[in-house]
Number of protein chains: 2
Amino acid sequence: MVRQLHGSPSSITDVAALANVSIATVSRVLSGKRAKNDDISRRVREAAAQLDYSVNRAASSLRGTTTKMVGVVVPSTYDLFCSALIDALEPVIDDHSDQLILGLGATHDLQMSRIESLVDRNVDGLVVVCAPDTDLTDVFDRHAGQLPIVQIGEGRRSVHTSSVTIDQALSMEQVISHLATLNVKSVAYLAGEQFSFESAEMLSMLHTQLRAFGLTTQPSWNQFGPATVERGFNATMRILATDRPDAIVCVDDNVAFGAMVAIRALRLRVPQDIKVIGANDSPLSRESNPTLTTLRPPFEQIADEAMRLIERGPSYTSHISLVSQLIVRESTLGTAADMERQITSGADE
Amino acid sequence: MVRQLHGSPSSITDVAALANVSIATVSRVLSGKRAKNDDISRRVREAAAQLDYSVNRAASSLRGTTTKMVGVVVPSTYDLFCSALIDALEPVIDDHSDQLILGLGATHDLQMSRIESLVDRNVDGLVVVCAPDTDLTDVFDRHAGQLPIVQIGEGRRSVHTSSVTIDQALSMEQVISHLATLNVKSVAYLAGEQFSFESAEMLSMLHTQLRAFGLTTQPSWNQFGPATVERGFNATMRILATDRPDAIVCVDDNVAFGAMVAIRALRLRVPQDIKVIGANDSPLSRESNPTLTTLRPPFEQIADEAMRLIERGPSYTSHISLVSQLIVRESTLGTAADMERQITSGADE
DNA sequence: TTGTAGGCGTTATCAG
DNA sequence: CTGATAACGCCTACAA
């Protein structure tokens, strides 16, 4: 393989010359728009490899109809949902030989600005996680005719864009059904921030499912708050000061961890005395709490569906709803021995 | 402003026609390669605005010398250091009117593949966080002549690339000096994973600084392990079963949180009985542990320096070392009242 | 199936 | 400082 360390990289003309064919043929062979796999085809590939040739994307974008770039706009990579999504999206985008262009913005204006930039760049598609309380429908409507846009998760929908969401009702049903199987009678719920539409929706579904399965809860057990370990700890302490629910369902694995610590601090056992379930599981939280029964959003599926929708172009819009996976672990099913092990081992070495 | 909802977007030719100048002049005005700010300049800008014109980056890249794209390659966005870095880098890159192309890879092969893709795309520069135990010097050497490459943090350095790192020695000095001021005599250290070079370096610096300030430690107090809440909890429980260090320094805010929970579980007080210090602070961990004294890496500075190095082009290489900021909070300086408040309040509402 | 040639929108060059 | 013009590298009718 000849490396052109100095001088400009080889172009399609060089390949054509070396393979003794026209540049049109080279273009067709290399872009797969040619049926046969004969001698010519072989010669072209060989020449390309020898010259270490790769297409100039700028030229290709200029003349062709795609840029092989996909824009991804999310509020922040701190957000565990967003980082899990990005980690799932990146390999899928790479598989399509596309590039992931990242836009960050936690406000309407920032998100809009990033989206405009990406549209300016003629990205082939846009994946957007709307910031909380943000309405981007105007921006979407403005561009949805030009390129496929896929909204992920909550947020007001534009008529012209596709969406991939998580079916919170089915997810909650899995949780309550699981608890019912374990003979749980009463359930506390540590929700997310009050102002979030998602939180309100989840809470309402919880009540629906509790009713369906004949379980009970109490108003003081259904608390809104930030999704932090500390909040889980504090909220649980407060509930357990006077009451004793059979299970605590948490909006987040961090909250669930705080709850478990609080339960242990009160000399109660998980899961024998109280069962704990988390949600919005991500590899990061899993690592820090490997015994927690939790709802894992289907990030790989989300990424696959999003890219599929982008591939189909702007004229096709579809709304896809996926269901989280309930991962059953010791915090609901474990034996006393399991939990003992969890607390005392974890050997540092 | 005239929107061209249907039909192709306006090009430089349209602007030139409307402004009654040549396309060359339009190009110069809009790219700032023209001194005066006279009538011509004004007419051009006006025409561009009227036509909602924006340059076609593909054409610009094809003809010009830059692509206005910066590649960022990191192991994973789960990693708090990486997500904090990306969140700091994105706005800086946007300020330069560039786009951030993200490449993810936790292994040598993946990182190399992403870097090759980005170089193929002719990005204007590359920011790379090497995966642990990964040597990318061969890849760097191959491309460092073509485009500026900036390594962030640990990892083997290539002679031809720039780097921006955190001065761990100075950071540790801040920590120990702070503890010395508070009359701390003995310090335990919960390190990161044993195999990481960074961990070993930090531990050695800890000992150096302890000696310098006349503090003590014990071999059994210096433990390697994963950076999780659970690990911090377990490790602290084990140490406190027999010993009583005046302070515990943790490699990570999560570990520190686990340590604080363990201390409280043993009915000891932070900071009166034992002081706790974290490190690698990020907004995420700060949110879940707002009372922790911690070392915050200078992400904004890192981002600024990285972009500055990229702007200077491939021929200029420089190695920059920045120092973390010690954020002093209640876990070392607080009063009893502070900590009481921390535990019992945190009002869910 | 292959080659030829035109043009995508921009920037760099060079002459005025 | 401005304007005309030549690339940049590629894709794709269209002709052979």
Side-chain angles (χ1 to χ4, degrees), chain A residues 4 7-45 47-48 51-69 97 119-124 146, chain B residues 4 7-45 47-48 51-69 97-99 119-124 146:
Chain A
Q4 309 216 349
S8 50
S10 47
S11 82
I12 198 174
T13 315
D14 305 324
V15 179
L18 185 57
N20 248 315
V21 294
S22 72
I23 62 166
T25 302
V26 174
S27 174
R28 283 189 281 252
V29 169
L30 262 37
S31 63
K33 282 172 183 159
R34 187 171 172 286
K36 292 194 288 189
N37 201 2
D38 54 7
D39 184 58
I40 287 184
S41 169
R42 202 182 43 69
R43 249 163 48 215
V44 168
R45 289 182 209 288
L51 295 172
D52 197 18
Y53 168 77
S54 60
V55 308
N56 181 321
R57 299 291 195 184
S60 176
S61 304
L62 179 57
R63 189 58 180 77
T65 58
T66 66
T67 56
K68 307 295 281 173
M69 301 189 294
S97 326
V119 173
D120 257 15
R121 281 257 179 180
N122 299 308
V123 293
D124 294 337
Q146 322 274 330
Chain B
Q4 310 216 349
S8 48
S10 47
S11 82
I12 197 172
T13 315
D14 306 323
V15 179
L18 185 59
N20 249 315
V21 293
S22 73
I23 60 168
T25 301
V26 175
S27 174
R28 281 188 286 251
V29 169
L30 264 36
S31 62
K33 282 171 183 158
R34 187 173 173 285
K36 292 194 286 189
N37 200 3
D38 54 8
D39 184 59
I40 288 185
S41 168
R42 201 182 44 69
R43 250 162 49 214
V44 167
R45 288 183 211 287
L51 296 172
D52 197 19
Y53 168 77
S54 62
V55 310
N56 181 321
R57 299 292 196 182
S60 176
S61 304
L62 178 58
R63 190 55 181 85
T65 58
T66 66
T67 56
K68 306 297 279 173
M69 302 188 295
S97 330
D98 289 357
Q99 299 283 165
V119 173
D120 257 15
R121 281 257 180 180
N122 297 310
V123 293
D124 294 338
Q146 323 272 331

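Each chain gets a letter, A, B and so on, in the order its sequence line appears, and its residues count up from 1. Everything numeric here is computed off the predicted structure, so don't read it as measured data.
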- D:dG3, D:dT2, D:dC10: which one has an atom nearest the side-chain heavy atoms of A:Ser11? D:dC10

Looking at [X], I'd like to know whether one of its side-chain N or O atoms comes within less than 4.0 Å of OP1 or OP2 on [N].
X: B:Thr25; N: D:dG3; result: yes
X: A:Ser27; N: D:dC10; result: no
X: A:Lys33; N: D:dC11; result: no
X: B:Ser22; N: D:dA4; result: no

- Report which part of the nucleic acid B:Arg34 touches: base, sugar-phosphate, or nothing (heavy-atom distance under 4.0 Å, all strands). sugar-phosphate

- Message: Counting the atoms with a prime plus P, OP1 and OP2 as sugar-phosphate, which does A:Ile23 contact under 4.0 Å by heavy atoms, base, sugar-phosphate, or nothing?
- Response: base

Nucleotide [N], atom [atom2] - distance to [atom1] of [X] in whole Å:
X: B:Leu62; N: C:dG7; atom1: CG; atom2: C1'; value: 12 Å
X: B:Arg28; N: D:dT5; atom1: CZ; atom2: C1'; value: 12 Å
X: A:Leu30; N: D:dC10; atom1: CG; atom2: C1'; value: 12 Å
X: B:Asn20; N: D:dA4; atom1: CG; atom2: C1'; value: 16 Å

- Message: Is the shortest side-chain heavy-atom distance between A:Leu51 and A:Leu18 below 4.5 Å?
- Response: yes

- Message: What I want to check is whether an N or O donor and acceptor connect the side chain of B:Arg63 with the base of D:dG9 at under 3.5 Å.
- Response: no

